[in-house]
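For reference, the structure I am asking about is given below.
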Amino acid sequence: MPLVIGVPKETAAGEKRVATVPEVVEKLIKLGFAVAVQSGAGEAANFSDDAYRAAGAEVVDGAAALWAKSDIVFKVRGPSAEEVGLLREGATLISFIWPAQNPELMQQLAARKATVLAIDALPRTLSRAQKMDALTSQAGVAGYRAVIEAANAFGRFFNGQITAAGKVPPAKVFIAGAGVAGLAAIGTAAGLGAIVRANDTRAEVADQVVSLGGEFVKVDYEEEGSGGGGYAKVMSEGFQQAQREMYAKQAKEVDIIVTTALIPGKPAPRLITAEMVKSMKPGSVIVDMAAEQGGNCELTEPGQAVVKHGVTIIGYTDLVGRLAKQSSTLYATNLFRLAEELCKTKDGTIDVNMDDDAIRGLTVIKEGTITWPPPPPKQAATPPAARPAAAAPAAPATKKSGHGHGAGEPMAGSTLAIMFAVAAALFWLIGAYAPASFLGHFTVFVLACFIGYMVIWNVTPSLHTPLMSVTNAISSIIAIGALVQIAPPLEAGAAGRPDELIRWLAVVGIGLTAINMFGGFAVTRRMLAMFRK
């Protein structure tokens, strides 16, 4: 019997998202699972019960009935105490859990002998885990929505305009933090025509900011800000002081500030003080994306939009939910990709492989045993450092004669002269005794070798795949030449027939070029498929 994936209606206040959508239900069924959705689970995200039924899901009335029949539960928010009580003993739960912040929830789930995969615990540094990275997909939605909320509260255009009624200057936007959410905000604000500035403790994101149309504002203090897992770290007091001075200057100049700074497991750092808010121009806007964790602005009220000192401070904690259809679709796709990793056999069963780094990082409880935090990821073995050159024994001096040359030294002049003399003698013998037709073919052969070397072997290895089209063209020329050798013109008669050696060499040539041509097309096709949606 295939396992049943259950999708309950979210019970958290204000949560509009749903853990899967009709489009993804069809894909889950193809993996061999049965899907059950609680009636009304997708209504807030504009997904009707009829849409789920059409996709092949069973719509179940009531939370208790849904939880009772679910072997695997897909959720957005972590379960409440009541929902934990509804979870079947030994079932699997996949959701946002935040194990460091919710130790009591972890104990309750362990008591149910559950297996729990926390989507927020995914090791984000693994490239193969990006397709399952729900934190990234949801942060991108939140960053976009933050700018839309700012535009709604702002009293002017974002882009500059010159009209008959006067000139409208472009809005100036400052983004504090250039992570996924920050970069999404930068792209959105720049797309609306604003002048965008951004800052981040990680210097390596400066190029990304510029590529999206923003200006990177550097703090006048040298300190590396990259933390583990792609997050920023807590900076020193000296850096924080220099950062506050820079923020104070930006607050006086810009019209809109969007703050995104969060550090896992810690309260949101305070970046914007009350004094900075007072210094902003009347009508300015602050969008505090860290409001749920306490806020980056000292005057933020979580869940509210308030006006203080003439500045609108938006502290909504449901920015992602305000685009519920889009964020639900992205989240459902993340969970589907995880289901693919868990069910590689496509038979409706799952294997929580603790030897897989990505799955091990996600798994915070395995069959009632708490497995969080995971062990550090395995590091690739690095070759031992080379010894200093001074420690190596001195190489013996080589003789300065024409009979040899040391490694790394140029070839002796007399040896080079002898080699040229031998080569010239061989060419003279070939020219004196070989037929005239052979000399023509031999010249073409030498030129082909030289051109092939210059065109193919001197190309950077990373560009070899695009050369497939060139090699296919060359192979087709070889194939045509071989066919001519096998079947000479009819009017040539018996005298025009090639001997058996040439005939069989031509047959072998056709076979080899055919392999090269079809193989080249196959590789090129696979390469192009990587870029198709």
Side-chain angles (χ1 to χ4, degrees), residues 143 146-147 150 153-154 169-186 189-190 194-227 231-264 266-291 293-302 306-315:
V147 174
F154 189 50
K172 295 180 180 178
V173 180
F174 179 72
I175 313 293
V180 175
L183 292 173
I186 292 166
I195 297 173
V196 185
R197 304 168 185 169
N199 168 261
D200 197 278
T201 58
R202 298 159 292 187
E204 64 268 19
V205 304
D207 290 340
Q208 299 177 49
V209 171
V210 174
S211 69
L212 289 171
E215 174 193 350
F216 188 78
V217 182
K218 195 173 183 299
V219 176
D220 190 16
Y221 193 98
E222 293 298 329
E223 183 177 349
E224 175 54 46
S226 296
Y231 296 95
K233 70 175 185 179
V234 179
M235 306 301 287
S236 68
E237 181 55 37
F239 182 93
Q240 292 182 37
Q241 178 59 36
Q243 187 182 53
R244 283 192 290 269
E245 293 174 0
M246 182 269 290
Y247 284 155
K249 179 180 178 182
Q250 293 298 322
K252 295 176 182 178
E253 297 178 3
V254 301
D255 303 298
I256 296 167
I257 296 177
V258 179
T259 66
T260 70
L262 279 174
I263 298 173
K266 297 180 181 295
R270 289 296 168 86
L271 305 179
I272 308 299
T273 65
E275 291 299 320
M276 295 180 195
V277 175
K278 291 179 183 178
S279 70
M280 296 181 73
K281 293 174 282 190
S284 297
V285 179
I286 296 175
V287 182
D288 193 340
M289 295 183 63
Q293 302 300 323
N296 296 138
C297 177
E298 189 176 350
L299 301 181
T300 296
E301 294 185 14
V306 296
V307 179
K308 296 183 179 181
H309 307 294
V311 177
T312 302
I313 304 173
I314 299 173

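Along the sequence shown, the residues carry numbers beginning at 1.
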Problem set entry | Backbone N/O of Gly295 and side chain of Arg270: donor-acceptor pair under 3.5 Å |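 Checked: pair present.
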
Exercise. So, the side chain of Thr260 versus the backbone of Gly177: is there a donor-acceptor pair under 3.5 Å, distance only?
Worked result: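 Indeed, once roles are kept as given, a pair shorter than 3.5 Å links the two residues.
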
Exercise. When rounded to the nearest 0.5 angstrom, what is the spacing between CG in Leu271 and CE in Met246?
Worked result: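 Spacing of CG (Leu271) from CE (Met246) equals 9.0 Å.
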
Exercise. Any side-chain heavy atom of Pro269 sitting closer than 4.5 Å to one from Asn296?
Worked result: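 Side-chain contact under 4.5 Å: yes.
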
Exercise. Hey, are the side chains of Ile313 and Glu301 touching, using non-hydrogen atoms and a 4.5 Å cut-off?
Worked result: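 No, too far: nothing below the 4.5 Å cut-off.
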
Problem set entry | For Gln243, side-chain hydrogen bond (donor to acceptor under 3.5 Å, both in side chains) partners two or more places apart |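 Counting only residues at least two positions away or on another chain, Gln243 forms a side-chain hydrogen bond (donor to acceptor under 3.5 Å, both in side chains) with Tyr247.
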
For this session: Starting at CD of Gln293, measure out to CD1 of Ile263 and round the result to the nearest 0.5 Å.
Result: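 Those atoms lie 11.5 Å apart.
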
Exercise. When rounded to the nearest 0.5 angstrom, what distance separates NZ in Lys281 from NZ in Lys252?
Worked result: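 Separation between the atoms: 13.0 Å.
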
Exercise. Between atom CD1 of Ile195 and atom CZ of Phe174, what is the distance when rounded to the nearest 0.5 Å?
Worked result: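 With rounding to 0.5 Å, CD1 (Ile195) is 14.5 Å from CZ (Phe174).
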
For this session: Enter the distance from Met280:CE to Ile256:CD1 here, rounded to the nearest 0.5 Å.
Result: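 These two atoms lie 8.5 Å from each other.
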
Problem set entry | Contact summary for Arg197 and Glu253, nearest pair of heavy atoms |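 Scanning both residues, the minimum pair turns out to be NH1-OE1, 2.8 Å.
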
Problem set entry | Within residues 271-280 or reaching into it, pairs that qualify as salt bridge (charged side-chain N to carboxylate O under 4.0 Å, His left out) - sequence neighbours excluded |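 Pairs touching residues 271-280 that pass the test: Glu275-Lys278.
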
For this session: Take Phe216 and Val205 through the test side-chain contact (heavy atoms from CB on, under 4.5 Å) and record every step on the way to the result.
Result: CA-CA 9 Å; Phe216 188 78; Val205 304; 4.1 Å; yes

For this session: Can you see which heavy atom on Ala185 is nearest to which on Val147, and at what distance?
Result: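 Minimum heavy-atom separation between Ala185 and Val147: O-CG2, 3.4 Å.
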
For this session: Please name the pair of heavy atoms, one in Ala261 and one in Ala290, separated by the smallest distance, quoted to 0.1 Å.
Result: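 Looking at all heavy atoms of both residues, the shortest contact is O-CB, 3.6 Å.
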
Problem set entry | Cys297 backbone acceptor or donor facing Asp288 side chain under 3.5 Å |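 Confirmed, Asp288 side chain pairs with Cys297 backbone.
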
Exercise. What is the minimum heavy-atom distance between Ile314 and Ala153, and which atoms define it?
Worked result: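 Closest approach of Ile314 to Ala153: CD1-CB, 4.0 Å.
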
Problem set entry | side-chain contact (heavy atoms from CB on, under 4.5 Å) evaluation trace for Ile272 with Val277 | CA-CA 7 Å; Ile272 308 299; Val277 175; 3.9 Å; yes

For this session: Considering non-hydrogen atoms only, spot the tightest contact between Asp220 and Ala242 and give its length.
Result: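 Between these two residues, the closest heavy atoms are O-CB, 4.2 Å.
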
Exercise. How many angstroms lie between CD1 in Ile175 and CG in Asp200, if you round to the nearest 0.5 Å?
Worked result: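 Going from CD1 on Ile175 over to CG on Asp200, the span is 11.5 Å.
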
For this session: Considering non-hydrogen atoms only, spot the tightest contact between Val196 and Ala190 and give its length.
Result: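 So the minimum-distance heavy-atom pair works out to CG2-N, 3.6 Å.
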
For this session: Just jot down the salt bridge (Lys or Arg N to Asp or Glu O under 4.0 Å) partners of Lys249, sequence neighbours excluded, or say none.
Result: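 Salt bridge (Lys or Arg N to Asp or Glu O under 4.0 Å) list for Lys249, sorted by chain: empty.
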
Exercise. Is any side-chain heavy atom of Gln250 closer than 4.5 Å to a side-chain heavy atom of Asn199?
Worked result: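 Not touching, per the 4.5 Å side-chain cut-off.
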
